[in-house]
There are 2 protein chains.
Amino acid sequence: MSAQTLADQIEAHLLQLLAADARVELQRTYLAHMFACAPSQINYVLDTRFTPARGYAVESRRGGGGFIRLVRLPAHAGASLSDLPLCLSQTEAEHMIDRLADGGVCSPDAAAVMRAAVDRQAIGLPLPLRDDVRARLLRAMIEACLRTAALRGEGSA
Amino acid sequence: MSAQTLADQIEAHLLQLLAADARVELQRTYLAHMFACAPSQINYVLDTRFTPARGYAVESRRGGGGFIRLVRLPAHAGASLSDLPLCLSQTEAEHMIDRLADGGVCSPDAAAVMRAAVDRQAIGLPLPLRDDVRARLLRAMIEACLRTAALRGEGSA
DNA sequence: CCTATTATGGTCAAGGAAGGTCAAGAAGCG
DNA sequence: CGCTTCTTGACCTTCCTTGACCATAATAGG
């Protein structure tokens, strides 16, 4: 067990917030001030600890009134995201989408949209590249599904 | 809700007016006074939030008795498949998706999936190509939406 | 009539308020 | 020591807000 680094402390703080709420909104500058560190330290923590593979999603907006939003994804999320390959055939992708729809992770019409997006004609690129792009697209779309699923589960207020 | 900047508040106010009436007429100076801001702030809100791409039209007249008129365009105008360009920026695509969701053409979570798919990082290609692929993807996804909408129960428009 | 005045709204560039990126160095840990 | 993980600071991008200056329409005066 290592000593609590600053990054660990910030992680712990955020986890505590996320334990209460599946969705937390905060300001980078405020947090950096709170822990007396450089603002980019916050990004380091987010990048290394709150990744999709670990079951979290981060959204943010810059400029005046900017914010950082942390979302805790449903439990099965990390698994389904971490073993996504970097390169994916249309058939493989379709099977994954089927499983998501069957598992109720996404609605039937979200699944239909995803199937349309992984279609080879829709991507319209030559083959070494196409499977690459498809993998990135599917990952992003699955993340979106998990995000909305997480927000739904929260008792929409 | 997030930080609610002044621009967000003005937008919310205008949306509220537009919810009651598809056509709203108001005075820039009056509104600026109401929100205690520079008149040009009103233009900023109009230019960034009430664009044709988002389904609004703005007309105005200067001089004595001048006014600003806001019109909410019918949900489908301009968003049809036939005039989908062959090349599409992320922002343009997002606005089109917003309109589809507002018009009830697709569900909120289908819209979330589509937004994820048109994201520049998700596509992950250099720029001349990226906007190209995005246009094809969006077209395919919208077609999928329309198909499932048709299955759900043939609406009028 | 024609012009000056006044009452609107429009444009644009500068400045401020967030967050993002990256690379260099420091600190831990075999 | 050498490798990985932290931490920071300099610089960038995005979004918001304001103010100075411009354009146009109605109207009042000559």
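By convention in this document, chain letters (A, B, ...) are assigned in the order of the sequence lines, proteins followed by strands, and residues within each chain are numbered from 1.
Within the structure, every side-chain polar atom (N or O) of B/Arg61 is placed at least 4.0 Å from both OP1 and OP2 of C/dG10.
Taking only side-chain atoms of B/Gln41, from C-beta outward, the nucleotide of D/dA26, C/dG10, D/dT18 with the closest atom is D/dT18. Distance from the side chain of A/Ser60 is smallest to C/dG19 among C/dC12, C/dG19, D/dC16. When distances are taken from the side chain of A/Asp8 to each of D/dC15, C/dG20, D/dC6, the shortest belongs to D/dC6. Side-chain proximity of A/Leu6 to the nucleotides D/dT18, C/dG20, D/dT8 is greatest for D/dT8.
Between the CG atom of A/Asp47 and the P atom of C/dG20 there is a distance of 9 Å, given to the nearest Å. Rounded to whole angstrom, the span from the CZ atom of B/Arg49 across to the C1' atom of D/dT14 amounts to 13 Å. Distance B/Gln121 CD to C/dG20 C1': 11 Å, rounded to the nearest Å. One can place CD1 of A/Ile68 at 13 Å from C1' of C/dT21, the figure rounded to the nearest angstrom. Spacing between atom CD of B/Gln4 and atom P of C/dA18 amounts to 15 Å, rounded to whole angstrom units. Taking atom OH on A/Tyr44 and atom P on C/dA26, their separation rounds to 17 Å, with Å as the unit. One can place CG of B/Asn43 at 13 Å from C1' of D/dC22, the figure rounded to the nearest angstrom. The distance between atom CZ of B/Arg62 and atom C1' of D/dT27, rounded to the nearest whole Å, is 19 Å.
The hydrophobic cluster containing A/Phe50 also contains A/Met34, counting ILVMFWY residues as joined when their side-chain heavy atoms lie under 4.5 angstrom apart, directly or transitively.
Scanning residues 27-37 of chain B for heavy-atom distances under 4.0 Å to DNA chain C yields B/Gln27, B/Arg28, B/Thr29.
For the residue pair B/Asp109 / A/Ser107, a side-chain donor-acceptor distance below 3.5 Å is found, with atom types taken as modelled. Counted by atom type alone, B/Asn43 and B/Ser40 present zero donor-acceptor pairs between their side chains at under 3.5 Å.
The residues B/Asp102 and B/Arg99 are annotated as not salt-bridged, no charged nitrogen and carboxylate oxygen being separated by less than 4.0 angstrom. Salt bridge absent: B/Arg115 and B/Asp119 never bring a charged side-chain N and a carboxylate O closer than 4.0 Å.
Evaluated for a side chain to side chain contact (heavy atoms under 4.5 Å, CB included) with A/Cys87, the options A/Asp131, A/Val133, A/Leu129 yield exactly one hit, A/Asp131.
The residue B/Phe67 sits close only to the backbone: its heavy atoms come under 4.0 Å of sugar-phosphate atoms, none of a base.
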(message) One pair to check against side-chain contact (heavy atoms from CB on, under 4.5 Å): B/Leu127 and B/Arg120. What are the steps and the verdict?
(response) CA-CA 9 Å; B/Leu127 231 196; B/Arg120 84 200 75 202; over 6 Å; no
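One donor-acceptor pair, N or O on each side, does fall under 3.5 Å between the base of D/dG9 and the side chain of A/Ser40.
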